[in-house]
Amino acid sequence: MSPALCRNTTIRLESFLKHYQNKAMGFFRSLISTSGGIVYHARALFFERTLWRSHQQSVKTFLNAWNPPTVSLVLVGPSAGYSLPLDFLKRFNNITAIEPDPMARLLFEMRTGLRPHWIKDPFDFESKELQFPQGAILFCNLLGQIESTGNLEQKLKGRPWASYHDAYSTSNGHFEIAFKSASAQITDAELKTAYVPSSSQHIINDHNTLRLFSKSETPLSFYYWNWQLTPRRSHMIEGVYSASAQE
Ligand SMILES: C[S@@+](CC[C@H](N)C(=O)[O-])C[C@H]1O[C@@H](n2cnc3c(N)ncnc32)[C@H](O)[C@@H]1O
């Protein structure tokens with residue numbers, strides 16, 4: 001083999017190995033992630049039919065209020081669909097789902113009987129161009145786990161979209177909030193004083209999601225509810241959707 005051919009073959013082999021190494025790392029990362037992956041599926045196994053019922057009902061009411069006028073739906077981070085009502089999903093002729101966790105994809109199909117078109121790479125929030133397929137877009141409790149969402153609202157302009165996401169979490173108790181809708185976003189201060197348990201034992205994590213849509217140019221509808229994730233851990237969920245629902 002000539003030296004040039006040998007060098008080319010080595011370079012090709014290296015990039016081939018690197019590609020599959022990155023894929024394998026992504027695969028394992030998605031399995032052990034704390035916001036998805038095995039820990040999340042184990043929690044679902046224990047609590048989906050008990051503690052999570054009230055949250056599932058709240059998601060259902062929220063999605064029925066959104067009711068986008070499209071035949072296609074794009075789910076971003078649906079996991080196995082634990083929070084998503086089947087009758088809502090069945091309204092759409094086709095569903096595309098962006099979900100990097102292979103176990104979530106398998107469980108989604110087993111639980112719902114639906115076969116979405118899967119996009120297995122994580123959605124790149126930093127990309128300049130919007131890479132969503134056609135349809136209404138639903139962010140499924142993902143935005144509170146993403147460090148930077150780029151200029152998301154700008155990218156979603158003119159598309160029907162909705163998101164439910166963690167606003168706050170506590171590792172010891174629950175948020176004293178019944179399901180409620182609001183025409184304006186509740187402020188940080190209002191949430192903290194009105195709904196967060198006052199005991200100093202409660203450790204509250206702020207997911208920084210209340211800033212995401214605070215300067216919106218389009219009218220938005222807001223919903224708030226408590227999700228008792230485990231007997232000790234709770235999320236305060238914010239649901240938000242764009243009122244301009246043209247595809
Ligand atoms: C907190 S879990 C979602 C829970 C689920 N939607 C529910 O409500 O039961 C976050 C999900 O987002 C997925 N995920 C993480 N980063 C993502 C990305 N950049 N694009 C799409 N999905 C992502 C994870 O694999 C995980 O299944």
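Atoms within a ligand are numbered from 1 in the order they appear, just like the ligands themselves.
Shown in contact with N141 at under 4.0 Å from a heavy atom are these atoms of ligand 1, numbered in order with element: 1 (C), 3 (C), 8 (O). Of all atoms in ligand 1, numbered sequentially from 1 with element shown, those under 4.0 Å from a heavy atom of D101 are 25 (O). The distance from ligand 1 to the heavy atoms of I98 drops below 4.0 Å at these ligand atoms: 21 (C), 22 (N). Near Y40, meaning under 4.0 Å from one of its heavy atoms, ligand 1 places the atoms 4 (C), 5 (C), 7 (C), 8 (O), 9 (O). Every atom of ligand 1 is numbered from 1 in the order shown, and the set under 4.0 Å from a heavy atom of Q145 is 1 (C). In the vicinity of S83, heavy-atom distances shorter than 4.0 Å reach the ligand 1 atoms 7 (C), 8 (O), 9 (O).
For the pair P78 and ligand 1, a heavy-atom separation below 4.0 Å is found.
Heavy-atom proximity to atom 25 (O) of ligand 1, evaluated over E99, H235, R105, E48, is greatest for E99. Selection from D166, I237, L142 by nearest heavy atom to atom 14 (N) of ligand 1 gives L142.
Using a distance-only test at 3.5 Å, with no hydrogens or angles considered, a donor-acceptor pair links the side chain of Q56 to the main chain of Y82.
In terms of polar-atom proximity, F125 is not counted as a contact of ligand 1, lacking any N or O under 3.5 Å from an N or O of the ligand. Taking only nitrogen or oxygen atoms, main chain and side chain alike, V76 does not reach within less than 3.5 Å of ligand 1. Distances between N or O atoms of Y164 and those of ligand 1 include at least one value under 3.5 Å.
Using bins of under 30°, 30° to 60° and over 60° for the plane-to-plane angle, the ring pair F92/F88 lands in the perpendicular bin. In this structure, Y241 and F62 have tilted ring planes: the angle between them lies in the 30° to 60° band. The aromatic rings of Y164 and W225 sit tilted relative to each other, their planes meeting at an angle between 30° and 60°.
Aromatic rings of Y40 and W52 (six-membered ring for Trp) have centroids within the 6.0 Å cut-off, being under it.
For P122, the side-chain contact (heavy atoms from CB on, under 4.5 Å) test picks out P100, with sequence neighbours left out.
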Full working for side chain to side chain contact (heavy atoms under 4.5 Å, CB included) between E153 and T218 | CA-CA 9 Å; E153 214 196 328; T218 47; 3.5 Å; yes
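Heavy atoms from both the backbone and the side chain of S79 come within less than 4.0 Å of ligand 1.
Using a 3.5 Å distance cut-off with no hydrogens or angles, the side chains of N141 and H235 do not pair a donor with an acceptor. Between the side chains of H55 and Q228, not a single donor N or O lies within less than 3.5 Å of an accepting N or O.
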